[in-house]
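In what follows, a structure is listed as structure tokens, so that the remarks can point back to it.
First listed ligand is number 1; within each ligand, the first listed atom is number 1.
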Amino acid sequence: MSSPGWDNFWKGQRKSFYAVMKMATGYFVSKVEKLYHLKPTDEIFDYGCGPGFVADSLARKKIRITGADINEFFIDECRKNHPGSLFTVITTDITTNQKILGEQLKGKQFDYIILLSVAQYLRAISDLEEIIKLLGAYMKPQGMIIVSDVLDENTSSIKDAFSLFTHCIRKGRIGAFAGFISYLMFSDYRTVSKQTKLLQVPEQAMRELAARNKLSCEKVHGLTIQKSRSNYILSFTPAK
Ligand SMILES: C[S@@+](CC[C@H](N)C(=O)[O-])C[C@H]1O[C@@H](n2cnc3c(N)ncnc32)[C@H](O)[C@@H]1O
């Protein structure tokens with residue numbers, strides 16, 4: 001599914017990204033909460049959940065979620081921090097994931113399925129489509145898939161760094177920003193990104209993908225700190 005570069009990068013990740021990822025994910029959760037008035041009875045599935053920052057943020061509101069990721073270390077962290085919830089190790093192969101989710105989720109259906117900061121690490125838009133198809137089977141008739149932090153031809157790393165910088169200043173977290181930038185500059189992230197470009201998904205491609213799968217597609221602004229990223233709500237019916 002994802003390119004060998006990003007696939008191996010993410011499988012091998014430990015805690016290097018934590019400070020900024022946690023802040024960015026917390027921001028996303030606060031926006032989604034406000035927009036959709038999430039409640040404890042909502043069923044939420046976080047695909048590519050990482051170390052569980054969505055779960056951490058929502059746990060404060062007594063909302064428990066289900067998650068899946070290709071990184072075993074991240075899933076162990078999720079299980080340790082949320083022992084009452086289901087977190088599953090998946091692979092980058094869609095057929096294998098179909099089987100894993102079929103066994104683990106047992107036909108469960110969700111109000112919200114989150115795909116946050118995952119699309120850019122996939123190899124091709126067709127891989128994203130396979131994932132959306134797979135996740136569609138687990139979405140309630142009135143549910144939605146939130147595909148967030150999507151890069152496209154309008155994404156600018158300078159603009160994104162600036163919006164992250166101003167957010168960090170406002171939150172008094174300039175150290176987190178400095179750590180993040182130095183990590184991007186001097187770590188294996190930089191090496192991998194030179195070999196394997198982050199995947200861009202243009203708006204038109206996202207709309208066509210949705211239409212092929214009989215999903216409606218709404219573009220939503222402002223779910224992420226980085227202002228030049230896009231967010232889409234996919235649903236069987238026009239978004240709530
Ligand atoms: C930037 S992190 C985002 C984590 C989490 N969604 C968040 O925003 O807090 C990217 C995540 O995508 C996961 N990932 C990468 N490729 C994936 C794939 N093909 N399928 C599922 N998850 C993947 C990584 O393991 C990592 O946890």
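Counting atoms of ligand 1 from 1 in the listed order, those under 4.0 Å from a heavy atom of D69 are 13 (C), 24 (C), 25 (O), 26 (C), 27 (O). Near G50, the atoms of ligand 1 lying under 4.0 angstrom from a non-hydrogen atom of the residue are 4 (C), 27 (O). With ligand atoms numbered from 1 in the order given, ligand 1 contributes 5 (C) to contacts under 4.0 Å with heavy atoms of C49. Remark: ligand 1 atoms within the under-4.0 Å shell around heavy atoms of F74 are 27 (O).
Y27 and F162 fall into different hydrophobic clusters, where Ile, Leu, Val, Met, Phe, Trp and Tyr are joined by side-chain heavy atoms under 4.5 Å apart, directly or via other members. A continuous path of ILVMFWY side-chain contacts below 4.5 Å connects L199 to I145, so both sit in one hydrophobic cluster. Neither I225 nor I158 shares a network with the other; the hydrophobic side chains, linked directly or stepwise wherever heavy atoms of I, L, V, M, F, W or Y lie under 4.5 Å apart, form separate groups for each.
Of the N or O atoms in G48, one or more lie within a sub-3.5 Å distance of an N or O in ligand 1. Ligand 1 has a nitrogen or oxygen under 3.5 angstrom from a nitrogen or oxygen of T25. Note: no N/O pair closer than 3.5 Å links I90 and ligand 1 by distance alone.
At a heavy-atom distance under 4.0 Å, no atom of K11 approaches ligand 1. The proximity of D127 to ligand 1, defined as any non-hydrogen pair under 4.0 Å, does not occur for either the backbone or the side chain. Neither the backbone nor the side chain of F28 has a heavy atom within less than 4.0 Å of ligand 1.
Note: F165 and F177 meet the aromatic proximity criterion, with ring centroids under 6.0 Å apart. A centroid separation of 6.0 Å or more is found between the aromatic rings of F45 and Y138.
For W6, the heavy-atom gap to ligand 1 stays at 4.0 angstrom or more.
A side-chain hydrogen bond (donor to acceptor under 3.5 Å, both in side chains) with S228 is found for one member of N154, D160, D152 and no other, namely D160.
At a threshold of 4.5 Å between non-hydrogen side-chain atoms, the residues I65 and E43 do not count as touching.
Side-chain contact of S216 with S235: a donor-acceptor pair under 3.5 Å is present, judged by distance alone.
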